Participant: 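Please see the structure below; I have some questions.
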Amino acid sequence: MPELPEVETVRRGLESWVVGRQISAVEVLHPRAIRRHVPGVSDFRNALIGRRVVGACRRGKYLWLPLDSGDAVLAHLGMSGQLLMLEPSAPAGPHLRVRIAFDDDGPELRFVDQRTFGGLSVSIGGADLPPEIAHIARDIFDDRFDEAAFHTALRRRRTGLKRALLDQSLISGVGNIYADEALWRAKLHYARATETMRRPDTTRLLDGVRSVMASALEQGGTSFDSLYVNVNGESGYFDRSLAVYGRRGEPCPRCGTPIRRESFMNRSSYFCPHCQPRPRHPHW
DNA sequence: CGCAGGCCCTGGTAGC
DNA sequence: TGCTACCAGGGCCTGC
């Protein structure tokens, strides 16, 4: 669920809550939460304890906290991960995976994750950009995102448009929800063959991605349930503004045609069959 | 190398 | 009521 707007909301929260503070204790309650940290739990703890957090960064759906050692805490929320700021005395919920406490005895950082797709790791020398995520493309809000290069790379692909949009090495931060919403805004079908995309199509697509994510960010992200929350445990409101996602059978906000749901890539795709007509030569 | 599909995981819900 | 089946899906891995 957490896509760029949700992850950015969390990043902003971390920036105001943990930057400048020194880590005093680390507790790993579920080893799977740090499975990407190959050297293991004690190495993870040793790399953090005594270090100061000097920033809060994001690329796509990845977050990292640069440390004064030059390393970084790299985090991915997966489907259900939460990074919460809570008083050390706050009770541990059933899905608490990692606790990071600070030497000022103020609110601690807790990684809570029901479905355990997310996780934390220490990235050696990763303060500027963790090498583990060097293959992740820049996202639409990155000043150095290159629209022309994206268009060229897109046209080189031999696949369907939504598949390409979800490929984090082409453009990052887009997940299933905002992919459907962006395609609807751009009036493009999810199975449009990427090699048939013309420059105006790509411009419309990126405008759709940018505008839907900017709106979602303003509203603190999208929440369907209590799974996605900011660092204070609060949900966003953008789910009220979704045009197609999760709205099978409901009228398209633009033309009134009932929204259709199709199974694609083992997940749901929602679209308006009138505004987003099936291409003559779709790529499934 | 590019692309497609399987797998990981848990809680909620639909259906019998 | 109590069981099973299915659904949500991001990213890594494998195989073609």
Side-chain angles (χ1 to χ4, degrees), chain A residues 1-8 10-11 29-38 58-64 74-83 93-98 111-121 123 130-137 139 150 152-183 190-197 209 213 221-229 235-236 238-239 242 244-249 261-270 282-284:
Chain A
M1 300 285 198
E3 304 180 32
L4 188 153
E6 293 75 34
V7 178
E8 174 62 16
V10 171
R11 188 202 67 78
L29 294 98
H30 195 310
R32 189 174 149 79
I34 63 151
R35 67 193 180 285
R36 299 282 166 212
H37 190 79
V38 179
R58 180 188 59 75
R59 179 177 284 198
K61 302 173 197 171
Y62 280 92
L63 287 167
W64 71 96
L74 181 61
H76 196 289
L77 303 178
M79 294 263 322
S80 57
Q82 305 173 341
L83 286 168
H95 308 302
L96 176 61
R97 310 303 187 196
V98 180
F111 180 64
V112 174
D113 191 9
Q114 179 199 100
R115 296 177 194 166
T116 72
F117 277 33
L120 307 182
S121 61
S123 174
E132 295 89 341
I133 61 167
H135 65 288
I136 301 291
D139 60 62
F150 172 78
T152 305
L154 186 63
R155 280 184 56 89
R156 268 201 294 267
R157 294 297 176 97
R158 294 294 176 268
T159 189
L161 188 53
K162 183 171 173 182
R163 216 183 270 280
L165 213 44
L166 295 175
D167 183 340
Q168 306 296 302
S169 67
L170 207 47
I171 179 173
S172 68
V174 183
N176 202 42
I177 297 172
Y178 296 112
D180 282 0
E181 293 296 314
L183 289 166
Y190 68 84
R192 170 74 174 270
T194 49
E195 68 263 37
T196 68
M197 288 288 282
V209 172
M213 287 188 166
T222 301
S223 301
F224 294 98
D225 45 37
S226 56
L227 279 185
Y228 162 70
V229 293
S235 295
F238 192 69
D239 51 320
L242 295 174
V244 290
Y245 188 84
R247 299 188 67 242
R248 168 163 51 173
R261 173 191 181 273
E262 287 180 6
S263 198
F264 170 71
M265 290 174 72
N266 283 326
R267 37 181 66 95
S268 294
S269 277
Y270 296 92
H283 194 304
W284 299 109

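Keep in mind that what you see is a predicted model, and the values were worked out from it rather than measured. Chain letters run A, B, ... following the sequence lines, proteins first and then strands; every chain starts at 1.
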Participant: Between C1' on C:dG11 and CG on A:Leu77, what's the gap in Å once rounded to a whole number?
Facilitator: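 Roughly 13 Å, once rounded to whole Å.
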Participant: Compare all side-chain heavy atoms of A:Glu3 with those of A:Ile177 and state whether any distance is below 4.5 angstrom.
Facilitator: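 Yes, at least one pair of side-chain atoms sits under 4.5 Å.
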Participant: Going by salt bridge (charged side-chain N to carboxylate O under 4.0 Å, His left out), name the residues that satisfy it together with A:Lys162, two or more places apart in sequence or in a different chain.
Facilitator: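 Partners of A:Lys162 by the salt bridge (charged side-chain N to carboxylate O under 4.0 Å, His left out) criterion, ordered by chain and then number, come out as A:Asp180.
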Participant: Looking at residues at least two apart in the chain, or sitting in another chain, which of them share a side-chain hydrogen bond (donor to acceptor under 3.5 Å, both in side chains) with A:Tyr270?
Facilitator: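 Testing A:Tyr270 for side-chain hydrogen bond (donor to acceptor under 3.5 Å, both in side chains), a comparison that skips the adjacent residues, returns none.
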Participant: How close or far is atom C1' of C:dG10 from atom CD1 of A:Ile133, stated in whole angstroms?
Facilitator: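 Result: 14 Å.
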Participant: Who passes side chain to side chain contact (heavy atoms under 4.5 Å, CB included) against A:Ala191, sequence neighbours left out?
Facilitator: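 Testing A:Ala191 for side chain to side chain contact (heavy atoms under 4.5 Å, CB included), a comparison that skips the adjacent residues, returns A:His189, A:Pro282, A:Trp284.
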Participant: Mind checking salt bridge (charged side-chain N to carboxylate O under 4.0 Å, His left out) for A:Arg97 and listing every partner two or more places apart, or none if nothing turns up?
Facilitator: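 So A:Arg97 forms no salt bridge (charged side-chain N to carboxylate O under 4.0 Å, His left out) with any residue.
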Participant: Angle, rounded to 10°, between the helical axes spanning five pairs at each terminus of the helix from B:dG2-C:dC16 to B:dC16-C:dG2?
Facilitator: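 About 50° separates the two local helix axes.
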Participant: State which residues pass side chain to side chain contact (heavy atoms under 4.5 Å, CB included) with A:Glu195; sequence neighbours excluded, sorted by chain then number.
Facilitator: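 Only A:Arg158, A:Ala193 meet the side chain to side chain contact (heavy atoms under 4.5 Å, CB included) criterion with A:Glu195.
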Participant: Check nucleotides 1-4 of chain B for protein N or O atoms closer than 3.5 Å to its own N or O atoms and list the pairs.
Facilitator:
residue, atom, partner, partner atom, Å
B:dC3, OP1, A:Arg158, N, 2.8
B:dC3, OP2, A:Arg157, NE, 3.3
B:dA4, OP2, A:Thr159, OG1, 2.8
B:dA4, OP2, A:Arg163, NE, 3.3

Participant: By the definition side-chain hydrogen bond (donor to acceptor under 3.5 Å, both in side chains), identify the one residue from A:Gln168, A:Arg59, A:Arg58 that meets it with A:Asp139.
Facilitator: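 Per the side-chain hydrogen bond (donor to acceptor under 3.5 Å, both in side chains) rule, the option paired with A:Asp139 is A:Arg58, out of A:Gln168, A:Arg59, A:Arg58.
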Participant: Looking at A:Leu29, A:Thr116, A:Val112, which hits side chain to side chain contact (heavy atoms under 4.5 Å, CB included) with A:His95?
Facilitator: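 So the option named by the test is A:Val112.
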Participant: Starting at atom CG of A:Asp113, determine the distance to atom C1' of C:dG11, rounded to an integer number of angstrom.
Facilitator: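 One finds 14 Å between C1' of C:dG11 and CG of A:Asp113, rounded.
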Participant: In whole Å, I'd like the distance from the CE atom of A:Met79 to the P atom of C:dC7.
Facilitator: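 Nearest whole value for this atom pair: 14 Å.
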Participant: Out of A:Asn176, A:Val174, A:Leu170, A:Thr194, which residue meets the side chain to side chain contact (heavy atoms under 4.5 Å, CB included) rule with A:Leu165?
Facilitator: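 Considering A:Asn176, A:Val174, A:Leu170, A:Thr194, a side chain to side chain contact (heavy atoms under 4.5 Å, CB included) with A:Leu165 is found only for A:Val174.
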Participant: Tabulate protein N/O versus nucleotide N/O from nucleotides 8-13 of chain B, keeping only pairs under 3.5 Å, one per line.
Facilitator:
residue, atom, partner, partner atom, Å
B:dG11, O4', A:Gln114, OE1, 3.3

Participant: Using side chain to side chain contact (heavy atoms under 4.5 Å, CB included) as the criterion, list what pairs up with A:Ser121, not counting sequence neighbours.
Facilitator: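 If we apply the side chain to side chain contact (heavy atoms under 4.5 Å, CB included) test to A:Ser121, skipping adjacent residues, the hits are A:Arg36, A:His37, A:Leu74.
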Participant: Under 3.5 Å between N/O atoms: give me all the protein pairs with nucleotides 13-16 of chain C, atom names plus distance.
Facilitator:
none

Participant: Between P on C:dA8 and CG on A:Leu166, what's the gap in Å once rounded to a whole number?
Facilitator: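 A:Leu166 atom CG is separated from C:dA8 atom P by 14 Å.
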Participant: Got a sec, which residues hit side chain to side chain contact (heavy atoms under 4.5 Å, CB included) with A:Ser169, two or more places apart in sequence or on another chain?
Facilitator: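 In terms of side chain to side chain contact (heavy atoms under 4.5 Å, CB included), with neighbours along the sequence ignored, A:Ser169 is linked to A:Arg157, A:Asp167.
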Participant: Can you sort out the partners of A:Thr196 under side-chain hydrogen bond (donor to acceptor under 3.5 Å, both in side chains), two or more places apart, ordered by chain and number?
Facilitator: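 A:Thr196: side-chain hydrogen bond (donor to acceptor under 3.5 Å, both in side chains) contacts with A:Arg192.
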Participant: Can you find a side chain N or O atom of A:Gln168 that sits less than 4.0 Å from OP1 or OP2 on C:dG10?
Facilitator: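 Answer is no, no contact under 4.0 Å.
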Participant: Hey, does the side chain of A:Arg35 come within less than 4.0 Å of C:dG11's phosphate (OP1/OP2), counting only N and O?
Facilitator: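 No.
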Participant: What does A:Arg261 touch in the nucleic acid at a heavy-atom separation under 4.0 angstrom: a base, only the sugar-phosphate, or nothing?
Facilitator: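 It contacts sugar-phosphate atoms only.
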Participant: Contact between A:Leu161 and A:Tyr190 at the side-chain level, heavy atoms closer than 4.5 Å - yes or no?
Facilitator: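 Not touching, per the 4.5 Å side-chain cut-off.
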